[in-house]
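Chain letters run A, B, ... following the sequence lines, proteins first, then strands; residues in each count from 1.
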Amino acid sequence: MKAYAGVDIGSVMTKAVILGDESNNGTILGHVVIPTTVSSEKSGLQALEQVLEVTNLRREELAYVLATGYGRISASYAQGTLTEISCHAKGAHFANPEVHTLIDIGGQDCKAIKIGEWSEVEDFAMNDKCAAGTGRFFETLARVFQSTLDDLGPLSLRAKERITITSTCTVFAESEVISLMARGEAPESIINGIHFSFARRIVGLVKRLGVAEKVAMTGGTAKNAGMRVLIEELLETKLVPLKIDPQLTGALGAALFARERSGTEGGSTL
Amino acid sequence: MVWWQANNSGRQREARVMLSSVKMEVRDGLLRFPEQLKDQFLQTGDLPLWDGRRVSPAQMWYFLTEEAPRSFPAFYASKHNMIMGPSLPFHVELLSQLKLYYLRLTQRSCAEAKRKAGWALTLVNGGPLLDLYFGAHVIPMRPGSMSSLMLMESAEGQGATDLSATLEGIIDDGASRTCSDVCRQIRTHSGIRRRLVSVDLLAPYTAMRCSDIAYLVEWQRAGRMDLPKRLIDYPWDHDPSKPWKVKYVAQSQRETVKMIDQLTGRHTTDEDLRAAIIQMNRLRKACRELLRLWRAAPLPPVSSQLLNECENKAHDACQGADPVALARVFLEMHDETKEMVAHGVRGITVSPHPARLWMSGSCASPQATAVERSGGVVLGRDDRWGSLLANVDEDGDPYDNIARAVMSNPYEQPAEKRALWLVEEARQTRANGIIFAFQWGCNYQAAISRLMCDVAKTVGMPAINLEMDSLGRASTSEQINNRVTAFIEMLGGVAVSG
């Protein structure tokens, strides 16, 4: 049996997926998600080793390793690299071929991707070069509320009202939040306002590309229920669930590309 | 290495063409032109200068291999940082390329010689053509060229790290006197204020092409009161079809020339202007033909970094130095490139399956070397190409002719019209997409970037807009590289390294 690995080294988390070949219907054999450390090369390597352990495979059994994410440039263990834009589109299409609009919110950027019939990227739009509208924004705010990332979504859903957040800049938004808290506003209302401000920015990106009938969301923030509800509200459509952990979509796409490249490049082994 | 001798008797000179690139040597941390190039280079022709003097290949070789590495070690550094480099390439692809570097590295001495001969060093901005200034014995320098001159002034004996710190200090000083969000082009005005370059006149065109013009006006009217200033105005719609509008710009130019004459003590005649127009038309034509040849090749025969540099140099008329010499370099490059195309040579850094891109915007754009690493090639930039398309009438009133050409520049047209023109250029050159890049702090280009992209997309040309912060820096940030790479992947470009 041959296997193919995709490693997505993001700024916050590193993800790895191993896909099998035809002998096991090309299914996902295993996956891991670990925090990205100061060395993105070591993080990628560690994720790869862990996923090999999970799948009981040896390095020699991997026909191709493809790296994606911002850490891909230091992935000396990979035979090829692609951006996470291509990989998320590929992974999302694999998980649900009906999805043609994808929202991916990563640790240091967010993007809207228009996916074509064959999983190709037809167009994409990303946030301007600024932390506003990225996972880092939520991290900063979780710290202000002495909360965790996982708690932010449920807190937002509990809000009785929405406080408008006017600052775009993450640092200025943090100051605004502190000021609102000092005025005695309910944390849930502020958190809801932050989510709404964030959702509005992302939906703006999506609308620049045109909204397809089926829209999905990937990346760690896709697990934030509060965010999903607001994006659905603004897009006036339900987000389609993917048959995979949304955080793994990029790594899955990388593994799918690895399988394709292995076929076209003769399937070298490590 | 294969060498090809092209006999070009029509121009009474010979060009020897190498059909594969030569790697630069590295000694003591500095790049060096390999000795194996010497014999071939010495057999190439002299460079004629504007004032009738000539520079021999032997003089150029000595300068490039002995004098310049001592004087300007930062430009020869083999390792680069975020600010400096790559000033020299890691591979020499054309022999005539060496002459381009000679012109670049002698920019300061060339400007000094002209000033001694009574020319005025002038900061210009906006407006695409420099014919008027050359005709009036002015060394015209756009902000980028002036920064380059400032760099040369500061570079003597300095290493890359020290020089980078000097340059960033100049920018910080400018930002501290305006605002932290100011465009990095403030370095030019900061340098003039600090008298790092000896400027005689400020004579820009009004232009919407960048926010910098506002900084320039305010900065200099509050800063160097001793400097004469002259703003050349033109109608906002840039429409040359109305005679009164052409006359309006022409009159503004006449008054500018009168002011320059008072400064230089000369009397600029219409014949002086016509002579400049002829020289500048030759320069633009030589560069146009070179770029068209390169773009028409099935695969680019040399790196797009080199051709982009030619486009930049032609747009800036050799950064105000010597357009006559530059035109000759382009003719030689054309001959060499033609041989390479005929032999199916592909540029050493060019992917076999590149995404072909046009850049749009103004000062900032992703580095061509980074684009090529990701599997793309840069076919051209709209602001540079727009000015190179000008062919000023050589007969009749030179002021009217220059005014008409300035106002006809497609780059200066309203954004929608400019976008449609660019798409047409892109189609003619088999481009796959357009990158619209703008510098953080440039309110004008930021305001139109999405409009430009939307127009291009509407007519079926893929486009992406990028906000950058790389003006005056050698490196492109990872965020920008990531977007560019994703765009190239979308267009089907394949990186050399996979």
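Proximity of Gln108(A) to Asn482(B): side-chain heavy atoms (C-beta onward) are nowhere separated by under 4.5 Å. In this structure, the side chains of Lys457(B) and Asp123(A) come closer than 4.5 Å at one or more pairs of heavy atoms. Side-chain contact between Phe124(A) and Ile464(B) is present, with heavy atoms from C-beta onward closer than 4.5 Å. The shortest distance between side-chain heavy atoms of Leu82(A) and Glu489(B) falls below 4.5 Å. Looking at Ile73(A) and Glu478(B), their side chains come closer than 4.5 Å, going by heavy atoms from C-beta outward.
Between the CE atom in Met490(B) and the OG1 atom in Thr83(A) there is a gap of 11.0 Å [rounded to 0.5 Å].
In terms of heavy atoms, Asp109(A) sits closest to Gln479(B) at CB-OE1, 4.4 Å.
The side-chain contact (heavy atoms from CB on, under 4.5 Å) check on Ala419(B) picks up Met452(B), Val455(B), with sequence neighbours excluded. A search for side-chain hydrogen bond (donor to acceptor under 3.5 Å, both in side chains) contacts involving Glu122(A) returns nothing, not counting sequence neighbours.
Contact annotation for Asn465(B): only side-chain heavy atoms (C-beta onward) come within less than 4.5 Å of a heavy atom of chain A.
Sparse packing is recorded around CD of Glu416(B), with 12 or fewer heavy atoms of other residues, nucleotides or ligands lying under 6.0 Å away.
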